[in-house]
Amino acid sequence: MTIELKVSGMSCGGCAASLQKALLAQGAVSQAWVDFGSSKAVIESELGKAELIALIEAKGFSAE
């Protein structure tokens, strides 16, 4: 399923790239796109929204 989340706490494009890499490292995530400019993450995953938010928060960002 594809889930779009609003991500806060990113201060630069490097933050977005780091978060995207971390998401893609998860076996249940097949695709991830994180954009600093729009503060959005679009994730194709077997995981549910709450699980994805927990992953993002574990990396030091907030998501909703």
Side-chain angles (χ1 to χ4, degrees):
M1 83 179 79
T2 301
I3 296 175
E4 184 174 317
L5 298 169
K6 179 168 175 54
V7 180
S8 56
M10 296 187 292
S11 59
C12 65
C15 292
S18 174
L19 178 56
Q20 182 171 303
K21 184 176 179 181
L23 288 167
L24 288 169
Q26 301 297 316
V29 175
S30 57
Q31 295 208 14
W33 175 80
V34 181
D35 182 63
F36 170 67
S38 64
S39 299
K40 287 185 182 175
V42 179
I43 306 159
E44 180 73 32
S45 176
E46 301 168 14
L47 301 174
K49 185 175 182 177
E51 294 167 299
L52 291 171
I53 289 172
L55 281 174
I56 292 168
E57 290 180 343
K59 296 299 175 188
F61 306 102
S62 298
E64 57 180 294

J.: Where is the tightest heavy-atom contact between Ala28 and Ser45, given as atom of each residue plus distance?
T.: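 Heavy atoms only, the tightest pair is O-OG, 2.9 Å.
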J.: Enumerate the salt bridge (Lys or Arg N to Asp or Glu O under 4.0 Å) contacts for residues 17-44, please, sequence neighbours excluded, ordered by first and then second residue.
T.: Glu4-Lys40
J.: Side chains of Ile3 and Leu47, heavy atoms from C-beta outward: is any pair under 4.5 Å?
T.: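 With C-beta onward as the side chain, the pair stays apart.
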J.: Using a 3.5 Å cut-off and no angle test, enumerate the donor-acceptor pairs between side-chain atoms of residues 8-19 and protein atoms at least two apart in sequence or in another chain.
T.:
none

J.: Tell me, which pairs form a side chain to side chain donor-acceptor pair (under 3.5 Å) where one or both residues lie in residues 46-64, sequence neighbours left out?
T.: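 Found none.
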J.: Given the rule that I, L, V, M, F, W and Y join up when any side-chain heavy atoms are under 4.5 Å apart, are Met1 and Val29 in one cluster?
T.: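 As far as the 4.5 Å side-chain criterion goes, Val29 and Met1 are connected within one cluster.
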J.: Are side-chain heavy atoms of Ile56 and Ile43 found at a separation under 4.5 Å?
T.: yes
J.: Might you point out which heavy atoms bring Leu23 and Ala32 nearest each other, and give the distance in Å?
T.: CB-CB, 3.9 Å
